[in-house]
> 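If you scroll down you'll find the structure; I have some questions about it.
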Protein chains: 2
Amino acid sequence: MPHAEMNAGAGVTGPSPWDQAVDRIRAGGLRWTPQRRTLIEVLREREGHVTATELIARCRERDQTTTPSTVYRTLDLLEDLGLVRHGHGHDGREEYHILPQEVHGHLYCVGCGTTWELRPETGAVIVEALASQLGFSVDLSHVTISGRCAGCHD
Amino acid sequence: MPHAEMNAGAGVTGPSPWDQAVDRIRAGGLRWTPQRRTLIEVLREREGHVTATELIARCRERDQTTTPSTVYRTLDLLEDLGLVRHGHGHDGREEYHILPQEVHGHLYCVGCGTTWELRPETGAVIVEALASQLGFSVDLSHVTISGRCAGCHD
DNA sequence: GTCCGGGCCGCAATGTGTTGCAATAGCGAA
DNA sequence: TTCGCTATTGCAACACATTGCGGCCCGGAC
Ligand SMILES: [Mn+2]
Ligand SMILES: [Mn+2]
Ligand SMILES: [Zn+2]
Ligand SMILES: [Zn+2]
């Protein structure tokens, strides 16, 4: 029995989006390079959020010659493919959502420094308010809202 | 008739918050310096929003020796006094609200690159939603929400 | 007017992100 | 396999923001 068949029967989940990355990249006339492979290897080991700085460090563990500009440019590419999505922390620094499934934003408390995810259910109010009042469709994932959490009032 | 009396009778508006800055600074045991004077002179000529970069340039017009770090540190001080308030543009760069009267946020359209103010009336929905659902009190002025405007849908 | 303590400045280094450019190297075609 | 087009890389320079530190100077005391 071939491997492909065994794998197909092993679960209902399809192939990881990362597995398709190489084909999707080449399909666009773009090229599959060692640098891109390294970054994707790093990304597929993580989930949730990462800063670009941390990604650069992890890439450098695997390939000492990693260059920041290449990583940033590859992240732009992966964002075009929808494999990552960047936002900005409270201080404006970039953060990447890995394989963003449900779009969510972030809340940051200036009192205690904690960050929470702003779930779509809660964010929906914001999205709907701006849509109905201004015809503006919000991209929650790009936003970090600052303020004070329940435990840090005044 | 002394000048003070003439000025007092000239209008109903109180003194500009900038006029009190020097006293408020010294009252805290802090010092009134030429560098701080220069920045405040620049700020009192403008209203609305400014980037730190532009403030540095304007200061340098008056004083060629202006240094970025001093401007940034003075902006921090003025923010503590409530005379300015910083937020972040869609790309994370700092923007300053000068003499923030009503707190407002910003909307940025990724389609056409336009920025709008998010008026308190509209922002109120956001503030209230997060307050009631999460006990989180939002600081709208620190936020730029990205998305697409009515004219740029899909 | 002089002195003195400590707040402030300028500098240099660091962190983070972007961009132009010349050389390299994918990859499809022959 | 080799060739050639061009996407991509690495570098250097730049833009923006923050921080530690040594020396300066503001401003209250006398
Ligand atoms: Mn900020
Ligand atoms: Mn952004
Ligand atoms: Zn808190
Ligand atoms: Zn638009």
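Heavy-atom basis, side chains included; hydrogens, waters and symmetry copies ignored.
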> Can you tell me how far C1' of C/dT16 sits from CZ of A/R60, to the nearest Å?
13 Å
> Under a plain distance cut-off of 3.5 Å, with no hydrogens placed, do A/H142 and A/H86 share a side-chain donor-acceptor pair?
yes
> Determine, for A/D63 against A/R58, whether the closest basic-nitrogen to carboxylate-oxygen distance falls under 4.0 angstrom.
no
> Can you check the B/D23 CG to D/dG27 C1' distance for me, whole Å?
14 Å
> Please tell me whether B/L107 and B/V125 are part of a single hydrophobic cluster in this structure, the criterion being side-chain heavy atoms less than 4.5 Å apart.
no
> Is it true that a side-chain atom of A/T51 and a backbone atom of A/E54 form a donor plus acceptor pair closer than 3.5 Å?
yes
> Between B/Y72 and D/dT18, is there a side-chain N or O to OP1/OP2 distance below 4.0 Å?
no
> Would you mind building the protein contact string for nucleotides 20-30 of chain C? One character per nucleotide, 5' to 3', B for base within reach (heavy atoms under 4.0 Å), S for sugar-phosphate only, - for untouched.
B----BBS---
> Salt-bridge test for A/R62 and A/E45: reply yes if a basic N is under 4.0 Å from a carboxylate O, no otherwise.
yes
> With a 4.0 Å heavy-atom cut-off, tell me which residues in residues 79-100 of chain A come close to DNA chain D, sorted by residue number.
none
> When you get a sec, tell me which of D/dC16, D/dC11, C/dG10 is the closest nucleotide to the side chain of A/T67?
D/dC11
> How long is the line joining CZ of B/R36 and C1' of C/dG10, in whole Å?
14 Å
> Given D/dT9, C/dG10, C/dC8, which nucleotide is nearest the side-chain atoms of B/Q35?
C/dG10
> A/I40 has an atom CD1; how far is it from atom P of D/dT8, in whole Å?
12 Å
> Would you please confirm or rule out a distance under 4.0 Å between OP1 or OP2 of C/dG17 and any side-chain N or O of A/T51?
no
> Provide, to the nearest angstrom, the distance between the CG atom belonging to B/L39 and the C1' atom belonging to C/dC9.
14 Å
> Please determine whether a side-chain nitrogen of the Lys or Arg among B/D139 and A/R148 lies less than 4.0 Å from a carboxylate oxygen of the Asp or Glu.
no
> Please state how far atom CG in A/D76 lies from atom C1' in D/dT9, giving the value in whole angstrom units.
15 Å
> Mapping A/G29 and A/D63 onto DNA chain D by nearest heavy atom, which one lands closer to the 5' end?
A/G29
> What residues form a salt bridge (charged side-chain N to carboxylate O under 4.0 Å, His left out) with A/E121, not counting sequence neighbours?
none
> Within a reach of under 6.0 Å around CD of A/E47, are more than 12 heavy atoms found that belong to other residues, nucleotides or ligands?
no
> Flag the pair B/H90 / B/H88 as yes when their ring centroid distance falls below 6.0 Å, and as no otherwise.
no
